[in-house]
There are 2 protein chains.
Amino acid sequence: MKNISKEDYLSAIYKLRDEAGEIKPNIIAENLEISPAAVTDMLKKLSTDGFVQYKKYKGIKLTAKGERYAVHMIRKHRLWETFLFEVLKMPWEKIHSEAEKLEHSSSDELVDKLEEYLNYPKFDPHGYPIPDKNGSLPKHKPVIALSELRKNDKGTIARISDFKSELLVYAAKQGLSLGQKFTVKDKLDFDGSVIIKINTNEVSLSKKIASNIFIVMEE
Amino acid sequence: MKNISKEDYLSAIYKLRDEAGEIKPNIIAENLEISPAAVTDMLKKLSTDGFVQYKKYKGIKLTAKGERYAVHMIRKHRLWETFLFEVLKMPWEKIHSEAEKLEHSSSDELVDKLEEYLNYPKFDPHGYPIPDKNGSLPKHKPVIALSELRKNDKGTIARISDFKSELLVYAAKQGLSLGQKFTVKDKLDFDGSVIIKINTNEVSLSKKIASNIFIVMEE
DNA sequence: ATATATTTTTAAGTGAACTTAAATATTAAA
DNA sequence: TTTAATATTTAAGTTCACTTAAAAATATAT
């Protein structure tokens, strides 16, 4: 049996809100790899504790308190990821799962010291913004999924989703990394795949992959 | 309800073996701040899993497997303490409880990288030896409790027990730290307290305190 | 608009690590 | 060595975060 904490639910709801629109128990269950019934259970508890707004069969929303807490956890997660990657030089695809454990086992004081030691980084190794002590995100240009671009669009890789480590391994193997400029050479309508040119290389990316790579458009 | 893992039991048994001689359920219960009944419960599980040798009403021993595991956990603990103190500059008295959480949330790979980053430290900030990857402890001179010394004995402070953070705060306040040389000026028989001279200062330490400070004798 | 499919909730049950209280062993003292 | 004190174990019960299966509500398709 997996044993997921309230903290995980809050982070998951926060993140899903950005990706999906309305949040339903099913999506949370899928995301955390547990049964929908367990989600219903926990939503009741989170609701009585004032972290989420929840009415049976209706959508789910974080309260202000819940949002604060979620951002707090995400801050911990991203600072740990940065530490593991930048300082300990752990491989890109391993830092997410490792940070997922550490985020539940570190005090605020520790994380603040960590942030100081890392010199107040603004983005984690996957390109996600790191909230500061007050929960504010650093300013950054809007990102969109690579899968949304059309032929001849140009942009810079800004973020690669960490939801599956295989994706990160694959992206690295294809020579993709944050900050690289590229041009969309082609987009195949029938399967949604995208062919981009980075430096002199042409790389073909499936729709699934492209929708997990986020970029900043060249204006 | 506290929720202590098997890992905690193994570390506790390992550490208690050094301090107390024979290990009884009661001592473990006290150490982990849980009921003796819970200890009996867990001992059965650890026994069937092959981590401890356990017969009802008899003493408890780690098996080779249990010992390996315990050393492994202690390695993690002490490396994390070193990191928190040396790198993040967290206060001495806070690193123990923080490391106690982190040790359960970090993979072997992470801890090995941490060790490398710290440049293979041999002792943690409290003076405890750090086991290497293979579980071997660094060579070090034998230490004895300060409470065992007699008048005019000389020595060097080598270790200060981390079992209570108050002790660490107190020791620091009295100006005690690892590596300091001292002379026993007096020992009061009726309460076991010890007066030592460090540099030009004379400090009086209760028996309780003195029995938690370990030193290397001057030959 | 009704039937069907999907989603969500409820109900009942599990396993892990506890708890307290009572029963049983062991150890120490008279 | 018998009794008293202490330590340990057993028994029964709790809490937490799950599970599966059935019931209920909502959404979708014809």
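FYI, side chains are in, hydrogens and waters are out, and symmetry mates aren't considered; it's all heavy atoms of this structure. By convention in this document, chain letters (A, B, ...) are assigned in the order of the sequence lines, proteins followed by strands, and residues within each chain are numbered from 1.
Shown for residues 39-47 of chain B: residues whose heavy atoms fall under 4.0 angstrom of DNA chain D, namely Thr40(B), Lys44(B).
Contact annotation: Asn26(B) reaches the phosphate of dT8(D) (side-chain N/O to OP1 or OP2, under 4.0 Å). Between dT19(C) and Ser35(B), a contact under 4.0 Å exists linking OP1 or OP2 to a side-chain N or O. An OP1 or OP2 oxygen of dT10(D) is reached within less than 4.0 angstrom by a side-chain nitrogen or oxygen of Lys56(B).
Listed candidates were dA17(C), dT19(D), dA21(C). Nearest to the side chain of Ala38(A) is dT19(D). The side chain of Pro25(B) sits closest to dT8(D) out of dT8(C), dT19(C), dT8(D). Considering only the side chain of Lys24(B), dT8(D) comes nearest among dA17(C), dC18(C), dT8(D).
For the pair Lys6(A) NZ and dC16(D) C1', the interatomic distance rounds to 9 Å; values are reported in whole Å. With rounding to whole Å, Ile34(B) atom CD1 is found 13 Å from dT8(D) atom P. Residue Glu30(A) contributes atom CD, which lies 14 Å from atom P of dT6(C) at whole-angstrom precision. We find that CD of Glu22(A) is positioned 13 Å from P of dT26(D), with the value rounded to whole Å. One interatomic measurement links the two molecules: CD1 of Ile28(A) to P of dC18(D), which rounds to 12 Å at whole-angstrom precision. Atom CG in Asp49(B) sits roughly 14 Å away from atom C1' in dA17(C) (whole-Å rounding).
Looking at Glu67(A) and Arg17(A), a side-chain N of the basic residue comes within less than 4.0 Å of a carboxylate O on the acidic one, giving a salt bridge. Under a 4.0 Å N-O distance rule, the pair Lys133(B)/Asp112(B) qualifies as a salt bridge.
The two residues Ala99(B) and Trp80(B) come nearest to each other via the heavy atoms CB-CB, 4.0 Å. In terms of heavy atoms, Val194(B) sits closest to Ala210(B) at CG2-CB, 4.1 Å. Residues Ile130(B) and Pro138(B) come closest through the heavy atom pair O-CD, 3.3 Å.
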Report, one pair per line, the protein and nucleotides 22-25 of chain D atoms (nitrogen or oxygen only) whose separation is under 3.5 Å.
from, atom 1, to, atom 2, distance (Å)
dA25(D), O4', Tyr57(A), OH, 3.4

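The aromatic ring centres of Phe51(B) and Tyr69(B) sit less than 6.0 Å apart.
Among the atoms of the strands shown, base atoms are found under 4.0 Å from some heavy atom of Pro36(B).
With respect to His77(A), the side chain to side chain donor-acceptor pair (under 3.5 Å) criterion is satisfied by exactly one of Glu100(A), Glu103(A), Glu7(A): Glu103(A).
Classified by interplanar angle (parallel below 30°, tilted 30° to 60°, perpendicular above 60°), the ring pair Phe123(A)/His140(A) is perpendicular.
Taking the side chain as every heavy atom from C-beta outward, Glu109(B) and Pro91(A) approach each other to under 4.5 Å.
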